Amino acid sequence: MGFWGIEVKPGKPYPYHSDNVPGRLHVTQATLGLGSTAERSIVQCAIGHRSPIFLCSLLPNKNESCSLNLEFEEEELVAFSVIGPRSVHLSGYFEADEGDTIRDDYES
Amino acid sequence: MGFWGIEVKPGKPYPYHSDNVPGRLHVTQATLGLGSTAERSIVQCAIGHRSPIFLCSLLPNKNESCSLNLEFEEEELVAFSVIGPRSVHLSGYFEADEGDTIRDDYES
Amino acid sequence: MGFWGIEVKPGKPYPYHSDNVPGRLHVTQATLGLGSTAERSIVQCAIGHRSPIFLCSLLPNKNESCSLNLEFEEEELVAFSVIGPRSVHLSGYFEADEGDTIRDDYES
Amino acid sequence: MGFWGIEVKPGKPYPYHSDNVPGRLHVTQATLGLGSTAERSIVQCAIGHRSPIFLCSLLPNKNESCSLNLEFEEEELVAFSVIGPRSVHLSGYFEADEGDTIRDDYES
Amino acid sequence: MGFWGIEVKPGKPYPYHSDNVPGRLHVTQATLGLGSTAERSIVQCAIGHRSPIFLCSLLPNKNESCSLNLEFEEEELVAFSVIGPRSVHLSGYFEADEGDTIRDDYES
């Protein structure tokens, strides 16, 4: 298990893949990146070719952080993206399957 | 297990059914859809023919996201709906029962 | 397991009882009901004859929803009530004890 | 298991002790008490003689409730206190250890 | 298991190490420290030499507390730091591995 975090930039969808480590990704927080625009940034998630779903909407100077509670497993093709002018940091943790003895493998 | 998300539009109740996959749906987030009206959108949930219960109230430009923590199992007839002018995106994840070997079935 | 929701109206304490189904009630969300007053509504919980404890405070047009994380078991005599002019919807889910085979009983 | 709640008043630290019941206290919510001052109230927690740590900051008419997720076990000497003019209600639930048969003891 | 809390001061990254106690740290809350500046304080987390990821953004007089849900295990080299003028208190709890009999060791 370990900390997980990415910065999702506007216009650059961020694909998630687990590098073949059996386990579960917990995405638990979204926080607005630095910048001076006052417009909202919306985080969305798309699975395969389905329509993206909004996960949260962050408002500068009002609500710049948002708790999430999402879990993903390795079979899924997930892409996170942002609608709006500022990047969004997503954080959480990865939990390897119990009894999984190849954990060191993904640290390298 | 996998990501789950829907967009619930005003005036169109969204029924949830699990397609006979034994498991548990976790609904963990609600986010306001795009639009320019300033009026609130309320998400509600009805089980069978009982009165709907409000799950959250989203306020444009103030609180556009809301954490939830609801779990549903397959026997229930659930309908999500919105009171207000804008759609609401609900997200979460589906957790298939342990030892369940027919998981591929629901992906098709 | 199933969805659980109630509307607690001002001046009408709402007792919770589990109808003798062994299990655990998870109360996870509070949302302000409809109305036009701007005054706060506070949800409180009393166990037996002890003093009630505030669970959350909802502010119209500012914070109309609140996440909770409470669990109750069947032995307790619980009463939810509201201080303020508007009703509050509480939602969550009931989790029957594992191995409990009398689940149909509480649906009737 | 059962509901747990206390009111922490300004200037009166509230010690927590579990009355020798083996188990775990979950503190999950803080809500501002009644009053008319507009100043913030901060809840803090001290273990033994260490420096207190702020748990949340409640702002009248803005954010009067706050979700928490803390767990305590019986060995710890915990004291909750408030900085500010108004009391704060803390709530959550106590989960007795599984297989613990002396539960009735702490109800008396 | 026990309460965990630190105060992260501006300009002083706070490294986390578990003192060789096998277990899991749950970081569940961030609260703004005392001060009079109105500027935001952002909490970030860095693992080893990777780029730090924002965990939350706290706004004086608007949102001074934030729920988190992060878990860390002992192998990781974690450093928390703050961008902004005011310190931030992080809190949560440490859960020792089950069957671990050297618990007293880390209390001393």
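As the structure is a computational prediction, the values presented were derived from the model and not from experiment. Hydrogens, waters and symmetry mates play no part in the numbers below; they use all other heavy atoms, side chains included.
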- Query: So, do Lys62(A) and Lys62(E) sit near enough that their side-chain heavy atoms are less than 4.5 Å apart?
  - Reply: no

- Message: Heavy-atom cut-off 4.5 Å, strictly under: side chain, backbone, both or neither for Cys66(E) against chain A?
- Response: side chain

- Query: Is Arg24(E) salt-bridged to Glu95(A), cutoff N-O under 4.0 Å?
  - Reply: yes

- Task: Compute whether any side-chain donor of one residue and acceptor of the other, for Asn69(E) and Asn69(A), lie under 3.5 angstrom apart.
- Result: no

- Message: Let's test your reading of the structure: which of Leu68(E), Leu58(E), Val43(E), Leu70(E) forms the most heavy-atom pairs below 4.5 Å with chain A?
- Response: Leu70(E)

- Item | From His89(A) atom NE2 to Cys45(E) atom SG, the distance as rounded to the nearest 0.5 Å | 12.5 Å

- Note on the structure: One option among Val88(A), Asn61(A), Leu34(A), Asn63(A) has the most heavy-atom pairs under 4.5 Å with chain E, and it is Asn61(A)

- Task: Report the distance from atom CZ of Phe54(E) to atom OG of Ser91(A), rounding to the nearest 0.5 Å.
- Result: 11.5 Å

- All heavy atoms of Cys56(E) vs all of Ser65(A), minimum pair found to be CA-OG, 3.2 Å

- Counting distance only, does the side-chain N/O of Ser57(E) pair as donor-acceptor with the main-chain N or O of Glu64(A) below 3.5 Å? no

- Task: Using non-hydrogen atoms and a 4.5 Å limit, figure out which bit of Leu59(E) sits close to chain A: side chain, backbone, both or neither.
- Result: side chain

- Message: Within the structure provided, determine whether Ser51(E) and Glu7(A) are in side-chain contact (heavy-atom separation under 4.5 Å).
- Response: no

- Message: Does Phe3(A) form a side-chain contact (heavy atoms from CB on, under 4.5 Å) with Ile53(E)? I'd like the steps, not just the answer.
- Response: CA-CA 10 Å; Phe3(A) 178 77; Ile53(E) 295 292; 4.1 Å; yes

